[in-house]
Amino acid sequence: MIKAVIFDLDDTLISEKEFIRSGYKEVARSICEKHELDKKLVYDLLLDTFERDSKNVFNRVLDKLNIDYEKEDIRKLVDIYRGHKPDISLYEDAKCIIETLHGREIKLGIITDGYGVTQRNKLEVLDIDDYFEHIIVTDELGREYWKPHEKAYQVMRNKLELDYEEMVYVGDNVSKDFVTANRLGMNTVFISREEGVYTGTKTKGGYLANLEVRSLIELEKLI
């Protein structure tokens with residue numbers, strides 16, 4: 001019998017690209033204040049550069065703008081991006097399923113990777129703590145404990161006082177979300193988001209979830 005559902009955060013409960021757009025607005029504002037440029041031009045350039053290749057976006061944008069910079073300048077932009085209070089919201093299906101499962105007294109949890117300050121800012125803005133028994137930001141355990149390390153799953157099991165077989169883990173990243181949960185005996189569900197950052201990632205075997213859904217509303221029929 002399923003007694004708990006544990007969610008990933010990014011591209012499971014919220015849109016990672018929505019967070020990226022929010023962060024780039026703050027980065028664009030900083031660049032424009034310093035160099036007297038048009039904010040929309042810089043913001044659009046950030047998004048376009050990211051869509052082409054997500055690596056070293058800030059360096060490449062400053063190069064395109066012919067702005068000289070040092071490593072410290074890039075670090076400051078990264079800090080602005082990671083540390084800003086994001087303009088984000090839950091996916092509609094996430095909001096519905098959280099309320100539904102909570103109403104059925106199914107225990108809820110979150111295990112999320114990402115830099116601690118960034119993930120905590122997301123959670124603060126979402127204001128969903130009251131729905132969840134326990135939330136784990138793996139960075140707060142230590143960078144070495146990001147998924148697929150099993151520590152976060154162990155902590156969650158102990159906090160909820162359940163067996164792994166009584167828990168479901170729902171995530172979007174087949175490269176790390178399910179391999180450990182599968183090995184531990186958890187039920188696993190892959191949520192396929194059309195605009196997800198990891199959409200299209202290929203894998204096989206133990207890295208695959210037990211089930212795939214297109215909407216989190218489908219969980220209601222499975223639990």
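When a residue number appears, it is its place in the shown sequence, counting from 1.
Ion pairing between a basic and an acidic side chain is recognised when a charged N comes within 4.0 Å of a carboxylate O; Arg120 and Glu140 show such pairing. In this structure, Asp113 pairs ionically with Lys176, as a charged nitrogen and a carboxylate oxygen lie closer than 4.0 Å. Residues Arg104 and Glu99 are not paired through a salt bridge, judged by the lack of any N-O separation under 4.0 Å between the basic side chain and the carboxylate. Salt bridge absent: Glu92 and Lys95 never bring a charged side-chain N and a carboxylate O closer than 4.0 Å. Salt bridge status for Arg143 with Asp139: absent, with no side-chain N to carboxylate O gap under 4.0 Å. A salt bridge links Asp10 and Lys122; the closest N-O separation between the charged side-chain nitrogens and carboxylate oxygens is under 4.0 Å. Under 4.0 Å is where a charged nitrogen must lie from a carboxylate oxygen, and between Arg21 and Glu18 no such pair does.
Surrounding NZ of Lys34 are at most 12 heavy atoms belonging to other residues, nucleotides or ligands under 6.0 Å away. The environment of CG in Asp127 is sparse: at most 12 heavy-atom neighbours from other residues, nucleotides or ligands sit within 6.0 Å. Applying the 6.0 Å contact sphere to CG of Asp53 captures more than 12 heavy atoms from other residues, nucleotides or ligands. Around the CD atom of Glu36, the shell of radius 6.0 Å holds no more than 12 heavy atoms that belong to other residues, nucleotides or ligands. Sparse packing is recorded around CD of Glu70, with 12 or fewer heavy atoms of other residues, nucleotides or ligands lying under 6.0 Å away.
One finds the NZ atom of Lys3 at 11.0 Å from the CD atom of Glu161 (value rounded to the nearest 0.5 Å). A distance of 10.0 Å separates OG1 in Thr188 from CG in Asp177, rounded to the nearest 0.5 Å. To the nearest 0.5 Å, atom CD1 of residue Ile31 and atom CG of residue Leu65 are 7.0 Å apart. To the nearest 0.5 angstrom, Arg29 atom CZ is 14.5 Å from Leu37 atom CG. In this structure, CD in Glu26 is found 12.0 Å from CG in Leu77, a value given to the nearest 0.5 Å. Put simply, CD on Gln154 and CD1 on Ile136 are 10.0 Å apart, with the number rounded to the nearest 0.5 Å.
Among pairs with a residue in residues 118-143, those fulfilling ring-ring contact (aromatic ring centres under 6.0 Å, His included) read His102-Tyr131, at least two apart in sequence or across chains. For residues 150-160, every residue pair satisfying the salt bridge (charged side-chain N to carboxylate O under 4.0 Å, His left out) rule, not counting sequence neighbours, is listed here: Glu150-Arg183.
By the criterion of side-chain heavy atoms lying less than 4.5 angstrom apart, applied directly or through intervening Ile, Leu, Val, Met, Phe, Trp or Tyr residues, Val125 is not grouped with Tyr115; the two fall into different hydrophobic clusters. Under a hydrophobic clustering in which Ile, Leu, Val, Met, Phe, Trp and Tyr are joined whenever their side-chain heavy atoms come within less than 4.5 Å, directly or via other members, Trp146 and Val155 fall into different clusters. Placement of Ile191 and Ile2 within a single hydrophobic cluster is found when ILVMFWY residues are connected by side-chain heavy-atom separations under 4.5 Å, directly or transitively. When hydrophobic clusters are built by joining Ile, Leu, Val, Met, Phe, Trp and Tyr residues whose side-chain heavy atoms come closer than 4.5 Å, directly or via intermediates, Val27 is not grouped with Val117. Cluster annotation: Ile14 and Val213 are assigned to the same hydrophobic cluster (Ile/Leu/Val/Met/Phe/Trp/Tyr, side-chain heavy-atom contacts under 4.5 Å, transitive).
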N/O donor-acceptor pairs under 3.5 Å from side chains in residues 216-223, not counting sequence neighbours:
unit_1	atom_1	unit_2	atom_2	d
Glu218	OE2	Arg214	N	2.9
Glu218	OE2	Ser215	N	3.1

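In this structure, Tyr153 has its ring center closer than 6.0 angstrom to the ring center of Tyr169.
Residues Arg193 and Tyr91 meet the side-chain proximity criterion, which asks for heavy atoms closer than 4.5 Å. Residues Glu124 and Lys85 have side chains in contact (heavy-atom distance under 4.5 Å, counting atoms from C-beta outward). Between Val57 and Leu46 there is a side-chain heavy-atom pair separated by less than 4.5 Å. Here the side chains of Lys71 and Ile74 are not in contact, with every heavy-atom distance at 4.5 Å or above. Looking only at side-chain heavy atoms (C-beta outward), Val5 and Met167 stay at 4.5 Å or farther from each other. In this structure, the side chains of Val137 and Leu123 come closer than 4.5 Å at one or more pairs of heavy atoms. Between Val170 and Ile6 there is no side-chain heavy-atom pair separated by less than 4.5 Å. Under the 4.5 Å side-chain criterion, counting only non-hydrogen atoms from C-beta, Phe58 is in contact with Val78.
No side-chain donor-acceptor contact under 3.5 Å links Asn56 to the backbone of Asn59. A donor-acceptor contact shorter than 3.5 Å links the side chain of Asn187 to the backbone of Glu165. Not a single donor-acceptor pair under 3.5 Å links the side chain of Asp172 to the backbone N or O of Thr12. Between the side chain of Ser54 and the main chain of Phe50, no donor-acceptor pair closer than 3.5 Å is present. Looking at Asn121, its side chain does come within 3.5 Å of a backbone N or O of Gly83 through a donor-acceptor pair. A donor-acceptor contact shorter than 3.5 Å links the side chain of Lys107 to the backbone of Leu160. A donor-acceptor pair under 3.5 Å links the side-chain atoms of Thr49 to the main chain of Leu45, judged by distance alone.
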Problem - Steps toward side chain to side chain contact (heavy atoms under 4.5 Å, CB included) verdict (Ile111, Leu9) - result: CA-CA 7 Å; Ile111 297 175; Leu9 182 62; over 6 Å; no

Practice task
Check step by step if side chain to side chain contact (heavy atoms under 4.5 Å, CB included) holds for Phe190 and Leu211.
Solution key: CA-CA 6 Å; Phe190 169 62; Leu211 295 170; over 6 Å; no

Exercise for the section: Just do the side chain to side chain contact (heavy atoms under 4.5 Å, CB included) check on Glu16 and Phe19 with the steps written out, would you? Expected result: CA-CA 5 Å; Glu16 178 67 7; Phe19 172 79; 4.2 Å; yes

Exercise for the section: Dump the intermediate steps for side chain to side chain contact (heavy atoms under 4.5 Å, CB included) on His149 and Thr138, then the final yes or no. Expected result: CA-CA 9 Å; His149 197 283; Thr138 55; over 6 Å; no

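The aromatic rings of Tyr24 and Tyr81 are tilted relative to each other, their planes meeting at an angle between 30° and 60°.
Residues Thr180 and Lys147 bring no donor and acceptor atom of their side chains to less than 3.5 Å of each other. Remark: the Tyr69 side chain and the Asp63 side chain contain an N/O donor-acceptor pair separated by less than 3.5 Å. Looking only at atom types and distance, the side chain of Ser22 has a donor-acceptor partner in the side chain of His84 under 3.5 Å away.
Phe7 and Ile97 get closest at one heavy-atom pair: CZ-CG2, 4.2 Å. Residues Phe178 and Gly171 come closest through the heavy atom pair CZ-O, 3.4 Å. Taking every heavy atom of both residues into account, Gly109 and Met156 meet most closely at CA-CE, 4.1 Å. Nearest approach of Leu13 to Asp8, heavy atoms of both residues: CG-O, 3.5 Å.
Of the listed residues (Ile135, Ile110, Thr112), just one forms a side chain to side chain contact (heavy atoms under 4.5 Å, CB included) with Gln119, and that residue is Thr112. Considering Asp73, Ile80, Asp79, Val42 as possible partners of Ser30, the one that fulfils the side chain to side chain contact (heavy atoms under 4.5 Å, CB included) test is Ile80.
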